[in-house]
Every structure is written in structure tokens, then in C-alpha cells.
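The first residue in the sequence is number 1, and the count goes up from there. Each ligand, and each atom within it, is numbered from 1 in the order the structure gives. What you are looking at is a predicted structure, and each value in this text was computed from that prediction instead of being measured.
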Amino acid sequence: MKRIFILSMLSLLILAATAKTDPLRFQAQGESLELTMPDGQKVRYTAYTGIRYVTNVEDTTYQTLNFFVPEGATQKSPILLRTYVGGYMAATAKMPSSTDATGRALQEGLCVCIPGSRGNNSEQDGRFTGKAPRGLLDLKAAVRYLRYNDKRMAGSAERIITDGTSAGGAMSALLGATANHPDYEPYLSQMGAAKAKDNVFASVCYCPITDLDHADMAYEWTYLYQREDAEAVRPIARQFDQYIDQLALRHPTTGELLTSENYMDYVRSYLVASAQRFVNEGGQIPDSLGFEFLTVMPPTPPARPGGPRYVRAKPQRTDIVTDVDMEKYLTYVASRQALKPTPAFDTLSSPECGVFGDAEGTPAHFTGSGLSADLQQRVRMMNPMNYIADPKAATAPHWYIRHGAIDRDTSFPVAINLATRLMNEGRDVDFLLPWNRPHQGDYNLDDLFRWIRDVTK
Ligand code: DHB
């Protein structure tokens, strides 16, 4: 009896010692909290905050994560991992909000992880520690932490759904596209990330500012005729023709090769579909936006004795959107918010040049010739398009991508190409350009959670 007691005490001590020596083992103390939702419902949850997800912490402000478990969650509940990265800046680990997807996720019974991550502005002792791809690596390390501790934490790390907007949408796309790829491995092990995989189940990407190394050409190609001096920007726009031809994307329904010849029609089809959904919901589109509708001839009324011998029938407009005059529509988009000046992204004052800058904080160009091998690799690692078809990456099976139909922060082809490449690689992609939406995220949460329920059921 005494022997058994001593032995079990000993194993308890050993267990306690390993927990102490493993700093990445989840052992946070939870706090019970409550969130009041817009509909008045109170959602009770446990908050675990300030968790370090790497062992070689360079930045104590940003390299932590918060984890939230709603009442009733199980080991099987999906986990929404929401990043608040914006403008490629650092983001702190936040608390859930009743007005975005985090609060709604708790209400729907999902666990929520909000990791902080370094960014353009992260500075420690006069050195910038968050230049690309550091912010992404932090987020990957947070995913690894969840997977490493899956058994010890509520929720299922096999069902992580990443969510972000704009630069955060780009981060979400990168988490979904680049998982487990060896390119990131040396950095993650140097950071002391948990020894685990970082693949995720699904990625929600609102207006991702991504494919940065082709974003300028796509922008000028799209808005060529909205530019004051189209001749001056035409050479940049023509580079996009080459890019599209080289991407060799296929039309997701017809399988037709997308080329610089037919690509504008492809973009147009997404705008027509956007307008059609709006009209189906009862919306009215003014003629000035450039949309065309199917017209039909009304049936000829039967001739009345003594009446006019024939009535001249007028064609009637139906609710079926057939086409859009791209020049008119793009001019409308640019009238809602002025376009970015040329070049839109690779200009030294941009957040993108900032995040590709060096540890001294000097911004760097990230396109064109003459980039160092190191910078080329950093740019490559920040573009999900490079990894989606790479068998060494474990690309997420499910995607929800939205880019507003009046969002001019990046051009439509950026989101369209991301969605198309994913569809071409057999991923399940729910992709739309929502009507009249500017540069925004976490809207239409009913639709988002309809989709989340669908993919996680
Ligand atoms: C964001 C917006 C931009 O226009 C951009 O170039 C980069 C980031 C943002 O809102 O995150």
C-alpha cells in the first residue's frame, strides 16, 4: 500500500515537472466572462489570455494568444481563429466582440482563438522585428500551439477556421494555403514554435490584399481607362496579360483556359452575378452603372373591333442581368472612392514596402529586378498563389472568400485569381463579389455562419 502511494506520488511529481519544463504546454487559468450580443442574448464563456505560443519570444506585447471557450463547447467544437491584422501592422491578442465573427462564433458554440502577431511597426530596442514574413510566422506558431495542445484544450484543432480582413484576409489566405510547407520550417523552429503541424480546416478571407508582387499590374490592367494618363500606365497593365497567360487558370465551370484574351469576360461574369443577386433580393440598379438586362417583347394584345389595327409593342426590361459595360462600372467604382495612385502597392510609403523593409525600418521595393535573394524569398513566402498547387503544402479544403463589388483597395483579379486557383486545385470555395460592399470584413454574419455550419456538420 505504502509502495503504491509513494509510486503514485512520484509519477505525479514527474508529471508536474514536465509540465513546468514544457513552456508550450497549455495550463492557463480560465476566467468566466459574459458577452451581451446585439439580440440581447448573454453568452457565457471562459477566457484564457496572455498565452505565449513560442519559446523564443522576441516581442512580449504581440506574441501571445487568447483562447475562449463558450459554455457547452466540447473537444469536437470547431475553433475560429480570428486575426486582427490590418495594414500589415502588428495586432494584439484581443477579447471577443459582440459585433463581429468572434462574438457570433461563441454564440454559435465555436471556440475562438485571437492570436496577436508582429507586423510592420513592431520594434524592440530600436530594431524592427515584425517584417514579413514574421507576422505570418507568428500566426502559424499560434496554429501549432493549438494543434500541440489539442487534447488539453477544448475545441478540435482539426477544425480550425481562420478569419481575417484585408491584410488580415491575406494572412488568413496564407494560413490556408501554405500550411506545413518546408519554406517556413527553419524560421518556426528558430522561433521555438511548438513541434506540431500548422494546417487548418478552412479559411475565411475578406478582401485579401494579397498576391502583392502582381497587385500593381492587376490594378493598372483593371483601371487602365480610369487613369488620367492611360498611355503612361499601359506598360504596367500589359505585364498583367503575361501574368494571366502564365498562370494558366481554368474557368471553374467550363474548364476553358483563361487567357489575356478572355479574362476580362471572366471578371465581368462575377460582377454580373453580383448584380443579379442584388436584383433578386429586390434591389434596383441605376442605368448609369453600366449593367444590361434581358428585354422581351410583350405579347401582342388581341385586336379589338373598332380599335387601332395594331399596337406598337415596346420591349420590356426583365430582371435578368446579361452584361456590364466594364468601363462604366469601373468608373463608378472609382467615383465611390478615389483610386490609389500609380503604383498602388510597390511605392515606398505603402504598408507593403514597409513590411518588406529591413530591421532598421527602411522600407523596400518588392517587385522588379535587383531584389536580393533573401527579399525574393520573403516576397515568395507572402504569396499564397505560390503554394496552392504545391504538394508540399497542406492547403485547407474549405474556403470562404469575399471581395466587395466597390472595393478598390486592390483590384478584382486578386481575389478572383486566388479563388480560381483554389477551385482549379479541387478545393471547396464559396466565392462572391458582394454587391455595393467597400473594403470591409465580418459582415453578413448570417451567411458566414450558414457556411461554417455547412462545412463543419
Ligand atoms: C490594408 C489596406 C490596403 O489598401 C493595403 O494596401 C494594405 C492593407 C488593410 O486594410 O489591411
Would you say [Y] and [X] are linked by a side-chain donor-acceptor pair, where the criterion is simply a distance under 3.5 Å?
| X | Y | answer |
| --- | --- | --- |
| H365 | T367 | no |
| D163 | S172 | no |
| Q107 | Q41 | yes |

- Of all the non-hydrogen atoms in the protein, which one sits nearest to atom 11 (O) of ligand 1, and at what distance?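 Looking at atom 11 (O) of ligand 1, the protein heavy atom closest to it is G87 N, 2.5 Å.
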
- Task: Determine the sole option in F26, F68, Y145, Y53 for which the ring pair (Phe, Tyr, Trp, His ring centres under 6.0 Å) test with Y48 is passed.
- Result: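 Of F26, F68, Y145, Y53, ring pair (Phe, Tyr, Trp, His ring centres under 6.0 Å) with Y48 is met by F26 alone.
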
- Within less than 4.0 angstrom of ligand 1, does K340 place any heavy atom?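 Right, K340 reaches ligand 1.
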
- Message: Tell me whether R402 forms a cation-pi arrangement with Y400, defined as NZ or CZ under 6.0 Å from the six-membered ring centre and within 45 degrees of its axis.
- Response: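 So R402 does make the cation-pi contact.
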
- Query: Looking at Y387, is R421 sitting on its ring face, NZ or CZ under 6.0 Å from the six-membered ring centre and within 45 degrees of the normal?
  - Reply: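 The answer is no, since R421 fails at least one limit relative to Y387.
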
Within the 4.0 Å heavy-atom shell around [X], which atoms of ligand 1 are there?
| X | value |
| --- | --- |
| E352 | 5 (C), 6 (O), 7 (C) |
| G86 | 11 (O) |
| S166 | 1 (C), 2 (C), 8 (C), 9 (C), 10 (O), 11 (O) |
| D409 | 2 (C), 3 (C), 4 (O) |
| F345 | 6 (O) |

- Message: Any nitrogen or oxygen of G168, side chain or backbone, less than 3.5 Å from one on ligand 1?
- Response: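 Not met; the criterion fails.
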
